[in-house]
Amino acid sequence: MDTIRREHAAASRPIRQPAASTRSVARLVACVFAVLALAAGDGRAEDVERQPVNAVPVETMAELSQVLYACWAPPPGTAGSEITLRFGLTAKGEVRGKPLATYSVLTGDAETQRAFVAAAILALSRCTPVRMSEQLGRVVASRVLTLRFASGEART
């Protein structure tokens, strides 16, 4: 009887991902984001403000997702990789803060993995700011958004 209880208790425990891999992906995202930010400009106030990527204002969350995914192009050799980025947008459609990787499965060697993460962050950077309707801008500015970038399979 004790054996059955122990087996049941062991089976009901949650499986945990190793914290080290989560931390290493978060560090990788932070490093890639920093490099891309430095490459985009030196941060001076006189830099020209970026123009929205879309001409017609986005009205719905589904349209916003389509605009943000439009810049996504996975690098070759990354089939099976995926990363979910969590971030915020301002009412003007600009990225607020640094994206946070909340989930990732990265395939290939370290260089291929870096290229995949960089491509996801670069896609987000290229497709912002997004021109949104005033109403959607207010809604989006008060939410945390997530996007899942995947290579070699259809997005869900």
Side-chain angles (χ1 to χ4, degrees), residues 17-156:
Q17 293 282 342
S21 65
T22 304
R23 278 190 228 117
S24 64
V25 171
R27 278 189 219 116
L28 178 63
V29 169
C31 290
V32 170
F33 190 77
V35 169
L36 292 174
L38 289 174
D42 60 8
R44 294 180 300 182
E46 58 265 21
D47 284 347
V48 177
E49 190 173 314
R50 290 183 55 186
Q51 295 299 312
V53 294
N54 53 321
V56 178
V58 172
E59 299 284 337
T60 66
M61 293 298 279
E63 290 175 1
L64 177 62
S65 292
Q66 289 174 350
V67 168
L68 292 174
Y69 279 126
C71 297
W72 171 238
T78 59
S81 290
E82 61 183 90
I83 188 167
T84 301
L85 297 179
R86 180 178 166 196
F87 60 96
L89 291 179
T90 65
K92 293 182 179 181
E94 299 165 339
V95 175
R96 183 178 55 227
K98 295 179 185 178
L100 172 69
T102 58
Y103 177 80
S104 67
V105 173
L106 302 173
T107 60
D109 61 8
E111 188 61 33
T112 304
Q113 292 177 8
R114 273 192 291 278
F116 183 82
V117 172
I121 294 172
L122 189 59
L124 187 58
S125 175
R126 278 190 205 142
C127 280
T128 54
V130 177
R131 180 173 286 140
M132 296 179 279
S133 67
E134 189 175 323
Q135 181 180 5
L136 183 63
R138 283 193 306 267
V139 170
V140 167
S142 67
R143 293 196 179 175
V144 175
L145 305 173
T146 59
L147 281 180
R148 178 179 170 261
F149 294 96
S151 181
E153 65 186 80
R155 284 191 287 277
T156 56

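Keep in mind it's a predicted model, so treat the numbers as computed, not measured.
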Using every non-hydrogen atom in the two residues, find where [X] and [Y] come nearest and quote the distance to one decimal.
| X | Y | answer |
| --- | --- | --- |
| V117 | I83 | CG2-CD1, 4.0 Å |
| T78 | P74 | OG1-CB, 4.1 Å |
| T102 | R86 | CG2-CB, 3.6 Å |
| R143 | M61 | NH1-CE, 4.4 Å |
| P99 | F87 | CA-CB, 4.1 Å |
| P75 | A115 | CG-O, 3.6 Å |

Within this structure, what is the [atom1]-[atom2] distance for the pair [X] and [Y], rounded to the nearest 0.5 Å?
| X | Y | atom1 | atom2 | answer |
| --- | --- | --- | --- | --- |
| F149 | S104 | CZ | OG | 13.5 Å |
| L124 | Y69 | CG | OH | 10.5 Å |
| L89 | E94 | CG | CD | 9.5 Å |

Should [X] and [Y] count as side-chain neighbours, where that means a heavy-atom distance under 4.5 Å?
| X | Y | answer |
| --- | --- | --- |
| L68 | V130 | yes |
| L147 | L145 | no |
| P57 | M132 | no |
| I121 | L85 | yes |
| S151 | F116 | yes |
| E59 | S133 | yes |
| T112 | L106 | no |

With side chain to side chain contact (heavy atoms under 4.5 Å, CB included) as the test, would you mind laying out the steps for Y103 and E82 before giving the verdict?
CA-CA 8 Å; Y103 177 80; E82 61 183 90; 3.4 Å; yes
Under 3.5 Å, side chain of R96 to main-chain N/O of A141, donor-acceptor pair present?
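Yes, R96 side chain to A141 backbone: donor-acceptor pair under 3.5 Å.
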Would a distance-only check, ignoring hydrogens and angles, find a side-chain to backbone donor-acceptor pair under 3.5 Å from R131 to A55?
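Yes, because the side chain of R131 sits within donor-acceptor range (under 3.5 Å) of the backbone of A55.
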Side-chain donor-acceptor contact under 3.5 Å, S81 with T107
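The answer is yes; a qualifying pair exists.
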